Structure formats: C-alpha cells, structure tokens
Amino acid sequence: MLIASWNVNSIRARLEHVTRWLGAHNPDVLLLQELKAEEFPSALFEKLGYASAAVTQKSYNGVAVLSRRPLAVISTTLVGDEADSHARFLEVTVDHLRIANIYAPNGNPIGSDKFIYKLAWMDRLYEQMKIWLQSGIPTVVGGDFNVIPEDIDCHKPASWMHDALFQPEPRIRYRALLALGYTDAFRFLHPGQGGHFTYWDYFRNSFERNRGIRIDHFLLSPEATTRLEDCEIDKAARAMEKPSDHAPILVQIEA
DNA sequence: ATGTCGCCTCATAGGCGA
C-alpha cells in the first residue's frame, strides 16, 4: 500500500496540484494538512476514485485523508482535551491498517502561548500513540510534525536555533515517540543522510539553494515497520508553479 | 530584522499565521 502525506498550504490554492499529483503517483492513501478552509471538496476527489474524510476549520489548520479503498473514521480528536478546537487530527482505518493524519502546532514564537500549546499537544500525541501500541494493530502516523528531529534534518542548525521547530523541548518529545517503539520511516531507510528535506521557505530562494528542513514524517509501529518497503520525498512537487512550501513524503507498506 | 505566501476583514491594505 502506497501512503503519502502532503502539507498543501491551502486546499483551494493547491487543488490543481493535488489532482495532478494523484494522477501521476496514484497513491492508495493521501494525507493532507493545512487545508485552511471550512469546505473540503470531497465530491471532486470522489470523481477521481478517492473516498475521503476531513476535519476542517475556517482559515487555519485542517486535515483530510483520501483513500482508494473504503476508509472508516475512528476519531477526529486527539486524546487528552475534548475541547481543543484546532483541526489537527484524524484517525482512520483502511483495511486492517490504522492510519493517523496529524498537523502538529508550529509553536512560534518560543515562549509564547503557542509554544506552550505545541508542547502540550505533543504530550497528548505521546499518550495517544502509547495507547495505539497496546492494540497490536499496525499503525502509521503521518503528517506535519513541525519538529526538526536532528541536526542533519536542516541545512544549517544555526539558522534554526531560535525557531520553535528546533528547540530541545519539541525534539525531546519527538524522540520520546521513537522511544515508545515507533520508527521514523525515512531516517530508518536513509540513515545518516543529510540534505533531504520536506519544507523550504518561500523566501530567499530557499528551495533553489536546498535550504530546507525535514519536518513531515511517517512514524510506524513495530507491526507496520516489519512491512516497510520504501520511503521517499517527492522533491519535484516543490518545484511546480505556485507550489506549497512542503513536498509530499511517500511510504510503501507491504500489502 | 528580514524575506513570501494565503487567509481574513469594521476589506482594494493590513494583520495574522506559517
């Protein structure tokens, strides 16, 4: 099963991109983040052969799952705070695989309420992912984690030193997810390889100079990791006209 | 501090979030 994840930075602005990309790569499942719209064009994707589920809000955030096979929505809220109004979480099952789509908070600037919320949200994600492990169901958690895991995951650590995505607190929490037993699919298959990013700023010709960061990830439970076949970043999508600032990441899971 | 997008509005400019 080919599963992809893409932060599109507005589904309205990127509808053509997503449509074309689906045709070119034909994934079984596509996780979308940062829809930035109340309405999700599910009918359009239905015509392309994809069932979908979406959690949306006006202007901000928003996540959706597209699937060629039938999908069942399990949860739209992350454990630990039922009152959280941000559209950042969507858990589904496709066949016998659990697939969770997340859009973690950015958290900038450091020390702000948004930074506090980022850390609290990651603590909740930890609890959620711990619960999932106990079920033994193969689980794939994909999306925009808004964390630069290690120094090799950015072009130059010094330029991200004052950014929330590079702070010790979120990085420690990301590592805690791995310590639970989850595997960072891309890093597992490409150990020690720097220069592979999923996000590049719009300004300062960041993409042309490959000044990016790796913040979109697939974390796999042990049962899913044994079935991991491939994980790649589609850098070409970032080179399209009027692109999202993120590139899609793809993971191939056996059967 | 800055750059660039996309969203929204006491809207055609400015603020916010990323």
Side-chain angles (χ1 to χ4, degrees), chain A residues 5-21 30-42 44 54-64 78 81 84-90 101-122 125 142-149 153-167 169-171 173-174 197-217 233-249:
Chain A
S5 173
W6 195 4
N7 178 320
V8 290
N9 186 21
S10 166
I11 188 61
R12 280 198 296 263
R14 236 63 68 185
L15 206 47
E16 293 278 330
H17 302 69
V18 174
T19 302
R20 207 177 329 141
W21 195 87
L30 175 60
L31 314 180
L32 299 170
Q33 303 89 32
E34 268 210 274
L35 305 174
K36 289 176 142 182
E38 195 122 61
E39 293 293 314
F40 184 74
S42 51
L44 187 144
V55 180
T56 66
Q57 70 184 83
K58 193 176 177 181
S59 302
Y60 305 116
N61 310 315
V63 289
L78 184 59
D81 184 2
D84 188 351
S85 60
H86 292 211
R88 300 183 176 277
F89 179 86
L90 178 53
N101 183 6
I102 69 150
Y103 175 48
N106 173 293
N108 276 302
I110 298 163
S112 67
D113 287 349
K114 289 191 274 187
F115 190 70
I116 303 295
Y117 174 70
K118 178 192 186 80
L119 301 183
W121 199 94
M122 291 189 76
L125 181 63
D144 180 355
F145 284 70
N146 264 318
V147 177
I148 303 165
D153 295 314
C154 68
H155 68 279
K156 194 169 88 177
S159 14
W160 293 92
M161 232 165 62
H162 304 294
D163 195 286
L165 282 57
F166 200 61
Q167 294 314 296
E169 296 92 334
R171 293 174 78 185
R173 282 164 175 79
Y174 184 84
F197 309 127
T198 64
Y199 169 91
W200 299 260
D201 273 329
Y202 280 126
F203 31 84
R204 285 175 292 191
N205 291 321
S206 301
F207 181 67
E208 288 74 9
R209 300 194 288 173
N210 199 30
R211 292 169 164 264
I213 51 178
R214 192 175 71 92
I215 57 174
D216 299 87
H217 310 297
I233 297 158
D234 179 30
K235 204 177 166 183
R238 182 62 177 77
M240 294 194 281
E241 284 293 309
K242 299 284 283 177
S244 165
D245 40 9
H246 294 249
I249 177 171

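Order of the sequence lines sets the chain letters (A, B, ...), proteins ahead of strands, with each chain counted from 1. Model, not experiment: these values are computed from the prediction.
- A donor-acceptor pair is defined here as one N or O able to donate and one able to accept, closer than 3.5 Å; no such pair exists between the side chain of A/His17 and the backbone of A/Val8.
- B/dA1 and B/dA13: their P atoms are spaced 28 Å apart (whole Å).
- Looking at A/Asn61, A/Asn7, A/Asn9, A/Asn101 one by one, the single match for side-chain hydrogen bond (donor to acceptor under 3.5 Å, both in side chains) with A/Gln33 turns out to be A/Asn101.
- Among the atoms of the strands shown, only primed sugar atoms or phosphate atoms (P, OP1, OP2) are found under 4.0 Å from some heavy atom of A/Arg14.
- A/Tyr117 and A/Asp84 share a donor-acceptor pair across their side chains, judged by distance under 3.5 Å alone.
- Across the C1' atoms, B/dG15 and B/dC10 are found 13 Å apart, a figure rounded to whole Å.
- Only the C1' atoms considered, B/dT12 is 16 Å distant from B/dC7, to the nearest whole Å.
- Remark: P of B/dC5 and CZ of A/Phe207 are 14 Å apart, rounded to the nearest angstrom.
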Q | Per-nucleotide protein contact string for nucleotides 7-18 of chain B (B base, S sugar-phosphate only, - none; heavy atom under 4.0 Å) | A | SSS-------BS

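- Look at CD on A/Gln33: it is 17 Å from P on B/dG6, rounded to the nearest Å.
- Minimum interatomic distance between A/Ala247 and A/Trp6 (heavy atoms only, all atoms of both residues): C-CD1, 3.8 Å.
- Taking each heavy atom of A/Pro109 and A/Lys114 in turn, the nearest pair found is CD-CE, 4.2 Å.
- Judged by distance alone, with hydrogens and angles left aside, the side-chain atoms of A/Lys58 form no donor-acceptor pair with the main-chain N or O of A/Glu38 at under 3.5 Å.
- Taking the P atom of each, B/dC8 and B/dG3 are spaced 24 Å apart, rounded to whole Å.
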